[in-house]
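Single-structure report; data block below.
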Amino acid sequence: MSLKNKIAVVTGGAKGIGRAVALRFAVEGADVTIVDLDLENACKTSEEIQAIGRKSLALQVDVSQGAEVRRMMQEIGKAFPPVDILVNNAGISGKACPVVDMEEAEWDRVLSIDLRSIFLCSKATLPSMTENGGGAIVNVASIAGKEGNPNMAAYSAAKAGVIGFTKALAKEVVGQGVRVNCVTPAVVQTTILEELTPEQIEYMVQRIPLGRTGRPEEVAAVICFLASDEASFVTG
C-alpha cells in the first residue's frame with residue numbers, strides 16, 4: 001500500500017482517468033476526495049472507494065473559478081487532515097475546428113478549464129502541503145501539449161501550458177518538500193473522445209507506437225507512482 005493513510009484530491013474524478021486514479025489510490029491505502037461538476041458520477045466513484053474500505057468525499061466544484069476552489073479546500077479541510085496529494089485531472093478537449101473558425105469564448109473556456117484550474121487548485125493546496133511537511137502534485141497534460149494537434153489549438157496550447165507550469169512550480173517548491181510532475185498521455189479510451197471527430201482520433205492513434213488507445217488504468221498506474229514516495233527523486 002504505497003499511499004497508506006495519505007489524503008488525496010482528484011479533480012475530474014467522476015469518470016475516465018480521474019476515476020481510475022481515485023480507485024487506484026484507494027487500493028493503495030489513500031482516502032480520496034472526488035471533485036467534479038458531475039456530482040452524480042462523483043458520488044458513484046466515492047461510493048466505490050468506500051466499498052474498498054477507504055474514506056471518500058464527493059464535491060461538485062467548478063475548478064476554473066477561484067471562489068469555488070477556495071470553497072472546495074474549506075470543505076475538504078472539514079473532513080480530512082491536510083492534503084498530501086493533488087491530482088489536477090479536470091479538463092475538456094473543446095470544439096474541434098481550425099483557429100480561424102474558433103470563437104473567443106471557446107478559446108477562453110478551454111484555457112480556463114484545462115490550465116487556469118491547475119493554477120488555482122495548486123495555489124490553494126500548496127500552503128497546507130508545505131505546512132504539513134510536503135506532498136505531491138500530479139498534473140494531467142497531454143501529448144498534444146508537445147506535438148500540437150491540428151484543429152485542437154486551444155487544447156494543445158492549454159496542455160503545453162500545463163507542462164510549462166509544472167516545470168516552473170516544481171522549481172519553486174522543491175525546497176519545501178513538494179514534488180510536482182505531469183503526465184502527457186496519448187489517446188486514452190474515455191468519454192472525452194466523444195468530443196472529437198473520428199478523423200482526429202485516427203490522426204492521433206496512428207502516431208502511437210503500440211497502435212492502440214490507452215486505458216485509464218494504465219495512466220493511473222503512472223500517476224500513482226508519481227504520487228508515491230517511490231518517486232522521491234522525480235520532480236519537474
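These figures come from a predicted structure and were not determined experimentally. What you see below is based on every heavy atom in this structure, not just the backbone, and it leaves out hydrogens, waters and symmetry mates.
- Using modelled atom types and a 3.5 Å distance limit, the side chains of Arg54 and Asn5 yield a donor-acceptor pair.
- Inter-residue side-chain proximity for Val87 and Ile85 is flagged as met; some heavy-atom pair is nearer than 4.5 Å.
- Nearest heavy atom pair, residue Lys159 against residue Ser142, reads CG-CB, 3.7 Å.
- Here Asn132 pairs with nothing under the side chain to side chain donor-acceptor pair (under 3.5 Å) rule; sequence neighbours left out.
- Side-chain heavy atoms closer than 4.5 Å link hydrophobic residues (I, L, V, M, F, W, Y) into clusters, and following such links, even through other members, never connects Val35 to Leu23.
- Note that CD of Gln60 and CE of Met72 are 14.0 Å apart. Values are rounded to the nearest 0.5 Å.
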- Task: Test side chain to side chain contact (heavy atoms under 4.5 Å, CB included) on Ser122 and Asn88 and set out the steps.
- Result: CA-CA 8 Å; Ser122 299; Asn88 285 308; 3.3 Å; yes
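- The two residues Lys55 and Asp31 come nearest to each other via the heavy atoms N-OD1, 2.9 Å.
- Taking both residues in full, the closest heavy atoms of Ala124 and Pro127 are given as O-CD, 3.7 Å, listed atom of the first, atom of the second, then distance.
- The 12-atom threshold is exceeded at CD of Glu218, counting heavy atoms of other residues, nucleotides or ligands nearer than 6.0 Å.
- Applying side chain to side chain donor-acceptor pair (under 3.5 Å) to Thr166 and the options Asn139, Thr184, Thr235 leaves one that passes, Asn139.
- The existence of a salt bridge linking Arg24 and Glu28 is confirmed by a sub-4.0 Å separation between a basic side-chain nitrogen and an acidic carboxylate oxygen.
- The shortest side-chain heavy-atom distance between Val9 and Val32 does not fall under the 4.5 Å cut-off.
- Between the CZ atom in Arg71 and the CG atom in Asp62 there is a gap of 9.5 Å [rounded to 0.5 Å].
- With a 4.5 Å cut-off on side-chain heavy atoms, Leu111 and Arg116 do not count as touching.
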- Could you please spell out the steps behind the side chain to side chain contact (heavy atoms under 4.5 Å, CB included) verdict for Gln176 and Val174? CA-CA 5 Å; Gln176 301 173 55; Val174 68; over 6 Å; no
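- Considering only heavy atoms from C-beta on, Val10 stays 4.5 Å or farther from Thr33 through its side chain.
- Of the inter-residue distances, the one linking Ile34 atom CD1 with Ile49 atom CD1 reads 4.0 Å to the nearest 0.5 angstrom.
- Residues Asp84 and Met129 form no side-chain contact, since every pair of their non-hydrogen atoms from C-beta on lies 4.5 Å or further apart.
- For the pair Val140/Cys182, no side-chain contact is recorded, criterion being any heavy-atom separation below 4.5 Å from C-beta on.
- Counting only heavy atoms from C-beta outward, the side chains of Lys6 and Asp229 approach each other to under 4.5 Å.
- Checking side-chain atoms of Arg19 against main-chain N and O of Thr45 turns up no donor-acceptor pair under 3.5 Å.
- Using a 4.0 Å cut-off between charged nitrogen and carboxylate oxygen, Glu106 and Arg109 count as a salt-bridge pair.
- Met73 and Ile7 end up in the same hydrophobic cluster when Ile, Leu, Val, Met, Phe, Trp and Tyr side chains are linked at under 4.5 Å.
- Under a hydrophobic clustering in which Ile, Leu, Val, Met, Phe, Trp and Tyr are joined whenever their side-chain heavy atoms come within less than 4.5 Å, directly or via other members, Val173 and Leu226 fall into different clusters.
- In this structure, the side chains of Arg212 and Gln189 stay at 4.5 Å or more apart for every pair of heavy atoms.
- Atom NZ of Lys167 sits about 7.0 Å away from atom CD1 of Ile163, to the nearest 0.5 Å.
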- Item | Derivation of the side chain to side chain contact (heavy atoms under 4.5 Å, CB included) call for Lys78 and Glu75 | CA-CA 5 Å; Lys78 294 175 184 176; Glu75 293 297 321; 3.5 Å; yes
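- Contacts of Glu172 classified as salt bridge (Lys or Arg N to Asp or Glu O under 4.0 Å), with partners at least two apart in sequence or in another chain: none.
- What you find for Leu120 and Gly66 is that their closest heavy atoms are CD1-N, 3.6 Å.
- Using a 4.5 Å cut-off between side-chain heavy atoms of Ile, Leu, Val, Met, Phe, Trp and Tyr, with links allowed through other members, Leu3 and Val219 fall into the same hydrophobic cluster.
- The distance from the OG atom of Ser228 to the CZ atom of Phe25 is 9.0 Å, given to the nearest 0.5 Å.
- Tyr155 is not connected to Ile143 by any chain of hydrophobic side-chain contacts under 4.5 Å among Ile, Leu, Val, Met, Phe, Trp and Tyr, and they are in different clusters.
- Checking Ser46 against Ser56 by side-chain atom types alone, a donor-acceptor pair falls below 3.5 Å.
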- Message: Working note: Asp114 + Val162, criterion side chain to side chain contact (heavy atoms under 4.5 Å, CB included); need CA distance, chi angles, decisive distance, verdict.
- Response: CA-CA 8 Å; Asp114 290 4; Val162 172; 5.7 Å; no
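- At distances below 3.5 Å, at least one donor-acceptor pair connects side-chain atoms of Asp38 with backbone N or O atoms of Asn41.
- Judged by distance alone, the side chain of Thr213 and the main-chain N or O of Val187 form no donor-acceptor pair under 3.5 Å.
- Minimum interatomic distance between Thr11 and Cys121 (heavy atoms only, all atoms of both residues): CG2-SG, 4.2 Å.
- Shortest non-hydrogen contact noted between Ala14 and Ala42 is CB-N, 3.5 Å.
- Between the CD1 atom of Ile223 and the CD1 atom of Ile17 there is a distance of 6.5 Å, given to the nearest 0.5 Å.
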